[in-house]
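In the text below, chain A, chain B and the rest are named by the order of the sequence lines, each starting its count at 1. Worth knowing before you read on, the calculation uses all heavy atoms, side chains too, and leaves out hydrogens, waters and symmetry mates. Values in this document were obtained by computation on a predicted structure and should not be read as measured data.
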Amino acid sequence: MPVLTNIEAVTRTLQEEMRRDPNIFITGEDVGVRGGVFRATKGLIEEFGDARVVDSPLAELSIVAVGIGAALYGLRPVSEIQFADFIAPAFNQIVNEAARIRYRSNGAWTCPLVMRTPYGGGVSGGLYHSQSIEATYAHIPGLYVVAPSTPRDTVGMLRYALRVDDPVLFLEHKKAYRLIKGDVPDEYYTIPFGKADVKRAGTDLTVIAYGLMMHYALDAAERVARDGISVEVIDPRTLNPLDKETILASVKKTSKALIVYEDNLTLGVGAEIAAIIASDAFEWLDAPVMRVAAPDIPAVPFSQPMQDFFMPNADKIEAAIRKLAAY
Amino acid sequence: MTTTFADSATQTQMQHRALGLSDEHALEMYWNMLLARRLDERMWILHRQHQVAFHISGIGHEAAQVGAAFALKKGHDWAHPYYRDMALVLTLGVTPRELMLALFGKQGEISSGARQMPAHFSHRALNIVTGSSPVATQIPQAAGIAFAIKYKRTDQVVLTCFGEGSTAEGDFHEGLNWASIHKLPVVFLCENNQYAISVPTTKQMAVPNVADRALAYGIPGIIADGNDVLDTYRVVRDAVERARRGEGATLVEAKTYRPVPHSSDDDDRTYRSREEVEEWKRKDPILRMRQYLESVKLLNEAKAQEYDARAKQVVDDAEQFARNAPLPRPEFALENVWGELSKA
């Protein structure tokens with residue numbers, strides 16, 4: 001059972017899947033000779049050549065649109081957007097095109113396109129190398145939005161992404177790329193979308209968190225456990241469609257829910273999860289649903305004190321857990 | 001329909017034969033143009049009678065579209081059309097009944113299951129790709145299809161069409177840039193009808209021709225007479241052959257005109273003179289092809305009337321078929337958002 005970092009999980013999975021399926025090709029800025037600015041595609045051009053690992057022009061719209069066209073033809077493109085912050089020029093192609101191709105053609109056409117992009121802050125990336133874009137895209141029916149937090153999940157979900165026939169926005173937290181290491185099973189497995197994972201079992205309250213925040217939530221849960229507070233940590237993994245059943249089952253067991261996300265508080269993924277809990281688990285609740293999220297400012301400021309102020313962390317989560325547990 | 005009236009005296013002036021087209025092909029071109037026109041006219045009438053919600057017209061574009069469609073191998077090559085391309089898709093094999101089902105938004109509608117407005121053409125079996133309403137999005141996607149064709153090493157070609165207004169979009173630039181960098185087998189066909197709704201070409205671009213823009217991508221930019229089906233055929237055929245030889249993309253500009261409003265919701269009297277419209281009507285592509293076919297003795301008055309009668313019959317049949325078709329179930333709106341997910 002190898003231990004991999006999150007980024008090694010991405011690289012190895014792309015390599016294995018490209019060996020399996022000759023229809024998979026990768027395109028994006030610097031993905032070829034450079035192997036990606038984060039080195040996620042390192043070594044792939046050496047094995048698969050420049051016909052399958054294609055350095056794109058500096059043009060996000062067409063990185064996605066060319067992927068759409070190739071997917072319509074029957075290939076399995078992986079379009080890499082170098083930073084999630086730069087995906088906006090492709091918004092129309094993702095939302096008006098890729099996500100609607102199945103619906104608008106009544107299923108005659110499908111768009112099996114995987115769009116990989118590093119997101120999130122905590123790396124001194126400032127306003128334009130730190131954004132959490134998930135809520136904007138998780139609003140769109142027909143587009144899978146996934147955000148695995150561990151190497152095991154990254155491998156299983158990326159394999160799955162390369163098998164589904166709908167477009168996938170595959171979000172990789174850039175701070176978690178090398179910070180997080182974990183076991184990856186030797187046997188071949190996939191992790192279907194729409195299935196949350198109970199990352200830590202507990203009985204007193206439920207924390208729902210994904211990406212880097214899931215790891216901070218686990219840290220906070222360990223700390224409060226010393227004081228006898230038993231926290232269950234749920235990782236939704238897929239942000240659209242959400243696994244409502246797993247979230248609701250946990251909240252019905254613990255009667256208290258805290259949602260943690262790095263995105264701006266207002267209208268984030270946590271707002272939807274809170275609404276689901278309020279609607280479908282109201283009678284089981286012993287406390288208000290709480291959220292820890294980033295403040296409603298445009299994005300993460302560069303300077304360290306302001307970045308720390310912006311980012312949720314284990315301390316902030318711990319404080320919220322204690323408040324909720326005492327309610 | 002395929003009877004010819006040609007004699008040896010007219011052989012020398014037969015442009016279509018010089019292009020490698022048989023007499024039957026020439027008449028088929030005329031038939032497709034005529035049928036598209038009659039369908040289009042009926043659709044306007046149905047809208048004005050408040051029987052359908054929307055119509056967007058391809059009147060005036062028939063020569064450009066039929067000429068381009070004839071340059072493709074039907075069902076083998078790919079087409080990523082835009083919303084005015086009724087004559088194109090008709091020539092590639094979409095039926096009048098299918099087009100009328102879309103107009104009425106009825107059950108069984110082939111392109112979208114009646115989800116999209118009419119004129120958002122799609123036909124999987126014919127390699128006609130589903131399109132949306134935001135313009136120019138199909139241009140970089142066509143580059144992607146061409147990338148896939150090159151990747152799979154087939155001899156296919158993709159044709160994508162758009163208006164001159166679309167060439168102001170960033171999608172146009174990115175699509176042509178990709179296609180030219182990778183020498184992709186794609187033909188970009190601009191049907192330049194001179195107006196993007198109300199905005200004339202002079203306010204879309206500072207160069208006189210869309211084709212001029214090809215220079216910036218290192219690909220050929222060729223102007224065709226978009227009101228002459230044979231000339232458009234010639235130019236697009238050459239571009240298709242070039243693509244099939246592996247020599248890359250071509251930008252074709254078919255100069256034409258839209259003698260009717262942009263859509264059923266537009267009033268073109270607010271932005272152009274009637275004199276201008278009337279002048280272009282005299283250059284009508286169907287009239288022009290009819291005169292050509294008469295000059296080479298492939299068509300005469302009696303034969304032309306037969307064509308008209310037959311077109312009316314086909315249009316009547318398509319309209320009745322669509323009228324009699326059931327409406328979709330309301331809950332059909334919920335289907336085909338996502339594919340089936342593995343339960344494992």
Task: Portion of B:Ser111 that has a non-hydrogen atom of chain A nearer than 4.5 angstrom - done: backbone
TODO: Select one option (side chain, backbone, both, neither) describing which atoms of B:Ala146 are under 4.5 Å from chain A's heavy atoms.
DONE: neither
Task: Under 4.5 Å from any heavy atom of chain B - which part of A:Ala51 - done: backbone
TODO: Among A:Arg163, A:Arg102, A:Arg52, single out the residue with the greatest number of heavy-atom pairs under 4.5 Å to chain B.
DONE: A:Arg102
Task: A:Lys244 side-chain N/O to A:Ile273 backbone N/O, donor-acceptor pair under 3.5 Å - done: no
Task: Atom group of B:Lys152 that falls short of 4.5 Å from chain A, counting heavy atoms - done: side chain
Open item on the list: Counting heavy-atom pairs closer than 4.5 Å to chain B, which one of A:Val64, A:Leu61, A:Leu75, A:Ile68 comes out on top?
Closed with: A:Leu61
TODO: Report the option among B:Asn177, B:Ile110, B:Asp171 that has the most heavy-atom pairs separated by less than 4.5 Å from atoms of chain A.
DONE: B:Asp171
Open item on the list: Here's one to test your reading of the geometry: is the NZ or CZ of A:Arg237 within 45 degrees of the ring axis of A:Tyr210 and under 6.0 Å from its centre?
Closed with: no
Task: Greatest number of heavy atom pairs closer than 4.5 Å to chain B - which of A:Asp165, A:Ile101, A:Leu72, A:Ile63 - done: A:Leu72
Task: Most contacts with chain A, counted as non-hydrogen pairs under 4.5 angstrom, among B:Gly113, B:Ser132, B:Ser122 - done: B:Ser132
TODO: Answer with side chain, backbone, both or neither: which region of A:Ser56 has an atom nearer than 4.5 Å to a non-hydrogen atom of chain B?
DONE: both
- [ ] Using non-hydrogen atoms and a 4.5 Å limit, figure out which bit of B:Arg115 sits close to chain A: side chain, backbone, both or neither.
- [x] side chain
Open item on the list: When you compare the side chain of B:Met86 with that of B:Val94, does any pair of heavy atoms fall below 4.5 Å?
Closed with: no
Open item on the list: With a 4.5 angstrom heavy-atom cut-off, is it the side chain or the backbone of B:His173 that approaches chain A, or both, or neither?
Closed with: neither
Task: A:Phe170 and A:Tyr144 aromatic centres sub-6.0 Å - done: no
Task: A:Arg19 to A:Phe48, cation-pi by 6.0 Å centre distance and 45° axis angle - done: no
Open item on the list: Would you say that B:Leu90 contacts B:Asp85 through its side chain, given a criterion of any heavy-atom pair below 4.5 Å between the two side chains?
Closed with: no
Task: Leading residue by heavy atom contact count with chain A [cutoff under 4.5 Å; candidates B:Thr137, B:Ile145, B:Thr130] - done: B:Thr130
Task: Student check: side-chain heavy atoms of B:Val89 and B:Leu99 closer than 4.5 Å - done: yes
Open item on the list: Cation-pi check for B:Phe188 against B:Arg213: NZ or CZ below 6.0 Å from the six-membered ring centre and within 45 degrees of the axis, yes or no?
Closed with: no
Open item on the list: Out of A:Val164, A:Leu143, A:Thr110, return the one with the most heavy atom pairs under 4.5 angstrom to chain B.
Closed with: A:Leu143
Open item on the list: Does the structure place the NZ or CZ of A:Arg159 under 6.0 Å from the centre of the six-membered ring of A:Tyr189, at an angle of no more than 45° from the ring's axis?
Closed with: yes
- [ ] Check whether B:Thr154 gets within reach of chain A through its side chain, its backbone, both or neither, counting any heavy atom under 4.5 Å.
- [x] side chain
Open item on the list: Given heavy-atom pairs under 4.5 angstrom as the criterion, report whether the side chain, backbone, both or neither of B:Glu335 touches chain A.
Closed with: backbone
Open item on the list: I'd like to check A:Ile81 versus A:Arg116 (side-chain heavy atoms, cut-off strictly below 4.5 Å). Are they in contact?
Closed with: no
TODO: Check whether A:Asn240 gets within reach of chain B through its side chain, its backbone, both or neither, counting any heavy atom under 4.5 Å.
DONE: both
- [ ] Check whether A:Pro77 gets within reach of chain B through its side chain, its backbone, both or neither, counting any heavy atom under 4.5 Å.
- [x] neither
Open item on the list: With side-chain contact (heavy atoms from CB on, under 4.5 Å) as the test, pick out the partner of B:Asn127 among B:Gln156, B:Lys73, B:Lys74.
Closed with: B:Gln156
